[in-house]
Each structure stands twice: as C-alpha cells, then as structure tokens.
Amino acid sequence: MSALPPLTSERRERALEVLLGPDLEPIVDMVGWSPAPDTYEVGSADGSARFTRAPGGELTVESVDGQNPLAVQDPTRFGDLESERKTPHPRRHENSYPNGYAQFAQLFDHPSAPDLCVIHSASHNWEDQGGHLGEHGSLGIVQARAPFIAAGAGVASLGLADIGCRLIDVSPTVLTILGAKSEAGATMLSHQDGEVFEPLIAEPGRARHVIGFLFDGANPNVLHDLAMRGAAPNVARLMAEGTACRYGALASLPTVTLANHTAILTGSHPGHHGILHNAWVDRASGQQVITNSPATWATSMQWLNPGIETLHHAIKRHFPGAKTVSINEPCDSGADYSTFELVRNGQLPEPPPGPDDLPDATERFVRPSKDYRWASRADHTAVTQFCSVWGESGSTPPTFTWVNFTLTDSAFHQGGPYSEMAAASVADTDARVGRIFEQVERAGVWDDCAFFIVADHGMEESDPEVRGDWDAVLRDSGVAVRDEGYGFLYLP
Ligand SMILES: [Zn+2]
C-alpha cells in the first residue's frame, strides 16, 4: 500500500459518465465531488450544480445545468408518519436534502475525503448487506432525520413541536442546559460546527445532571407514533413533560453510525471531527481504515482529530470536578467511566443472561434473530452498568451520562422501520429506559436531571426490487475503484 495519487479530471469524468448514466439511475441518487479547494459539484442523471465556499464559510451556487440535484432543502418534508408513508422511497424531485451544500462541503475538508461521494437512492436495497429492508447513509431527509426529545430540569415543555435542528447542535445545547457559558465570540467546544438550539432551553444552568440516550437508527416519525399510541410509555413521558422536535435532528453526511455518534458528541461534522465514515481510505498510507466494527470500536477514537473536544472534555473544562460517564459508546474520549475503556484494559463486563432469562426482550424476536439477540444483550449490559455507576453509595451522580442503545438499529434494519420487529425494539428499549429512570429516582436527584433521546441517523424503507452495485458496473466499464464504507469512491 502506498499513498493514493491525485485524481485526474479525465478519470473522474470517465467514472461520472458511468455513475450518472441511465443504467445506474435507479440506485444512484447523486454524486458529489470537489474539483478544487472550496469548489464543489453535485451531479445526477438529470442535472448538476457547482458551488463555492467563501473564506467566511458562505456557500454560493455558481452554476446549474439541467435540474439542480439539491434544489429542494426543506427540513419539514415528511414531518409525520402519514406523509412519510404516503411517499415510499421518494425520487429526487419528491425528496428533500436539507443543508445540502454544507453537507458536501464539510465532507471534503477531511484529508482522506473520497474522490467521489455516491448518494444511493431512497429505494436502493443493499443485497450484499443481507438485503435489509431498512436503510440509511444517504442525504435524503428520511435517512438523515434522527429523533430529538428532551425533558426535565431547565428544558422547555412544548410537547411535540414543529421545530428541528441538527445533530451537531446537541452538544452545545447540552452544555447550555448545564449552564456553561462562553466568552463573546468563542464557542463552547474547542471546535464547533453546531449552535445552541434555543427553543429547547427554558432555564440555562437549572440541570445538575444530564442523561442522554441514543436509540441507534430509530426513525423519529415511528418513535413519536409508538409513544403516542402507548407502546413506549417512558418516551411518551419525556414527550409529555418536555419537548419532542417534530422535524428531529438532522445527521451529517455520511448519515452512518460512528460518523454521527461522534457528531452528536463533538458538535462537529465528520469532515472536521475526523471520524469520516464507518470505513474509508487513509490517503497518506493507502490503507483501509475501519472504525465501526466490533474489532475496532474500542480503539476507533485514535482517528479523532487532535484539538477536537468531546462533550465529556468540554463539560469537565467548564465545570471542574464534574464526572462524566460513557456507556456502550465507541466515541468515549474524555469520559471518566467508559465501557470501552474497560474493554481496552481487558476488563470485560459480566456476560448478560441468555435469551431465555434476558429481561425486557421480546421473546418472539430475541430467540430467532441473532442480531436482535446480540443487541438486546448488549443493551441489557448498558442498563446494568448504568445502575452500578449510579448506585455507588456515597458518591454524587455524574454530571453527564451517555447511554448508547443498539437494538433499535438492528431491528429497524432487519424488519424495516414500520415492522413489528422495529416496534418491539422500541418497546424493549423503552423498558430499559424505565429501569434507568428507577435508578435515577433511587439516587434522589430526579428533579435536578435533564434527559434527552436522540439517534445517529434515520431509517428508510427500501424497495427489495431495487438492487444492484455501482462498483460492479464501474469495473465492467473498465473503471478501477476502491469503494469504502459504501459510496466513498477512491479511484486509484
Ligand atoms: Zn447507527
């Protein structure tokens, strides 16, 4: 392996000819690239746009040829379950790509950004990923939109409100809820793309403790609907006492797991915090980097950019003496207690019970589905760890506790977002949240706690009929390609 050579425009044109041709149109929504610093192009089968970034960060569309693929950037589209389901696998002109220009621009700030970033269509079903019905990763709004619900001390009580933000806004907002202040003109984290989401805050500094739950891959319209129908009483309690953002919190491109866990926990885009994707090519060495796999979770933060603070670092800097906790989360830098720190030290948590004895696990799915079982056991261990850290007698509960639940992602992928399996995963996760609430009550600090639920991306139902692989078509056309993390194309 050696450093990747710079791309010639001739090779790029050849690849684009194939990718944007009629054969791949059903699976390729659009392709983005950066032909020169601060210059970007996005192309689709029926048009393209070129835009630039000024030194102050302002993005300007310079030219459009045919249909601008990013013409629609409405953050409110498909803002309830009915409208989402009425337009299954929306095509480009029916879809919406909020913050589309900024989404591509941040990506190409990373030194190992791909030569071409392929966005799959809403209908595309990855057969080599096991033919999952639920998909994410693209720029389309259903795949980008994660839920964001907050409640408790200092948090506004607006119920299900017609508001929304971005995942990069979560960390600055949590810091404000805790009462952190920054000097005029300075940001609250060392590097910050996000902003404080003011509508959520009723009384800054009122909360003494914040507990954040990540429901990986949970579709917000489905989550709100289940909560309102009584299938997730603890989520419903937070929605009733606090605020649920109807338009959710939008993930950064690529809308995949570890890039956006890290976006939530650093307030920065993947192109800036360094965890570019679940896998990519390190251009300097030509080596493949894999961050989001069981073998690499514990060490994935070696790729976090130096100088990037996590929420853990920032809380401890703003509030000397504060203690923070990271449960089941690869993005754990700066936490005082972390599941993956224990793993790095060879201290594996006690194995959870098997499927027959596992609490809060829907029997119908936990027995037959290997993924459902694995994730249920991991999430049960998360509850055990929470209760053990929070139950330590004589110690003050942590200022910030982050709990990563994975079952929702497994189930929403496998069954699709509207499936009974997805609903069961929400009910099981809700029950685990209930056990954590009981522990918070036992600690006697409920009234000083703020809570939030978020996810790392959305989940969209794909069309099992729309399959195929652009890599194979490129190779058949004589274009050599390395495709990492799916959709990150490097042309060697
Ligand atoms: Zn995920």
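Because only heavy atoms are used, hydrogens play no part in the values below, and waters and symmetry mates are left out as well, while side chains stay in. The residues of the chain are indexed from 1 along the displayed sequence.
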Using a distance-only test with no angle check, is there a side-chain donor-acceptor pair under 3.5 angstrom linking [X] and [Y]?
| X | Y | answer |
| --- | --- | --- |
| His273 | Thr266 | no |
| Thr406 | Asp379 | yes |
| His269 | Ser252 | yes |
| Asn234 | Asp430 | yes |
| Asn125 | Ser462 | yes |
| Thr52 | Asp38 | no |
| Ser369 | Gln414 | yes |
| His272 | Asn305 | no |
| Thr257 | Asp456 | yes |
| Thr324 | His312 | yes |
| Tyr418 | Asn219 | no |
| Trp33 | Asp115 | no |

So, do [X] and [Y] have ring centers that fall under 6.0 Å from each other?
| X | Y | result |
| --- | --- | --- |
| His124 | Trp470 | yes |
| His136 | His413 | yes |
| Phe104 | Phe51 | no |
| Tyr486 | Trp126 | yes |

Nearest 0.5 Å, what's the [atom1]-[atom2] distance between [X] and [Y]?
| X | Y | atom1 | atom2 | result |
| --- | --- | --- | --- | --- |
| Arg91 | Thr87 | CZ | OG1 | 13.0 Å |
| Ile119 | Asn95 | CD1 | CG | 11.0 Å |
| Asp332 | His261 | CG | NE2 | 12.5 Å |
| Tyr40 | Tyr101 | OH | OH | 14.0 Å |

If we only count heavy atoms from C-beta on, is the [X] to [Y] side-chain gap below 4.5 Å?
| X | Y | result |
| --- | --- | --- |
| Trp297 | Asn292 | yes |
| Glu84 | Val142 | yes |
| Asp371 | Leu407 | no |
| Met30 | Leu70 | yes |
| Val18 | Leu24 | yes |
| Thr187 | Leu189 | no |
| Arg92 | Ser44 | yes |

Closest approach of [X] and [Y], non-hydrogen atoms and distance?
| X | Y | value |
| --- | --- | --- |
| Asn328 | Ala382 | ND2-CB, 3.8 Å |
| Leu167 | Ala455 | CD2-O, 3.4 Å |
| Leu250 | Ile141 | CD2-CG1, 4.3 Å |

Quick one: do Met188 and His318 satisfy side chain to side chain contact (heavy atoms under 4.5 Å, CB included)? Show the steps, please. CA-CA 9 Å; Met188 266 186 280; His318 285 278; 4.3 Å; yes
[X] side chain to [Y] backbone, donor-acceptor under 3.5 Å:
| X | Y | answer |
| --- | --- | --- |
| Tyr490 | Ser112 | yes |
| Asn260 | Val256 | yes |
| Glu309 | Ser190 | yes |
| Gln73 | Gly100 | yes |
| Gln106 | Gln103 | yes |

Carefully, step by step, assess Val72 and Arg77 under the rule side chain to side chain contact (heavy atoms under 4.5 Å, CB included). CA-CA 10 Å; Val72 182; Arg77 188 158 293 189; 3.7 Å; yes
Would Glu329 and Trp402 count as a side chain to side chain donor-acceptor pair (under 3.5 Å) here? Give the steps. CA-CA 8 Å; Glu329 172 58 61; Trp402 172 254; 2.9 Å; yes
Take Phe405 and Val433, measure what side chain to side chain contact (heavy atoms under 4.5 Å, CB included) needs, and give me the verdict at the end. CA-CA 10 Å; Phe405 288 126; Val433 168; 3.9 Å; yes
Assess whether side chain to side chain donor-acceptor pair (under 3.5 Å) is satisfied between Asp428 and Tyr372, documenting all intermediate values. CA-CA 11 Å; Asp428 291 358; Tyr372 200 100; 2.8 Å; yes
Please step through side chain to side chain contact (heavy atoms under 4.5 Å, CB included) for the pair Arg432 and Phe213, ending with a clear verdict. CA-CA 11 Å; Arg432 295 191 178 102; Phe213 301 104; over 6 Å; no
Could you walk me through whether Gln67 and Asp46 pass the side chain to side chain donor-acceptor pair (under 3.5 Å) test, one step at a time? CA-CA 6 Å; Gln67 290 289 325; Asp46 57 8; over 6 Å; no
With Ile149, the side-chain contact (heavy atoms from CB on, under 4.5 Å) member among Leu160, Leu200, Thr243, Leu223: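 Checked Leu160, Leu200, Thr243, Leu223 against Ile149; only one passes side-chain contact (heavy atoms from CB on, under 4.5 Å): Leu223.
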Report the C-alpha separation of His191 and Ser268 in whole Å, then their side-chain angles, then the decisive distance to 0.1 Å, and conclude whether the side chain to side chain donor-acceptor pair (under 3.5 Å) test is met. CA-CA 7 Å; His191 179 275; Ser268 292; 2.8 Å; yes
Between Glu41 and Arg50, does any side-chain N to carboxylate O distance fall below 4.0 Å?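 Looking at Arg50 together with Glu41, the answer is yes, because their closest N to O distance falls below 4.0 Å.
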Before accepting this row, confirm whether a basic side-chain N of the pair Arg246/Asp80 lies closer than 4.0 Å to the acidic partner's carboxylate O.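 The answer is no: the pair does not qualify as a salt bridge.
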On the 0 to 90° scale, with breaks at 30° and 60°, tag the Trp280-His110 ring pair as parallel, tilted or perpendicular.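 Plane angle over 60°, so perpendicular.
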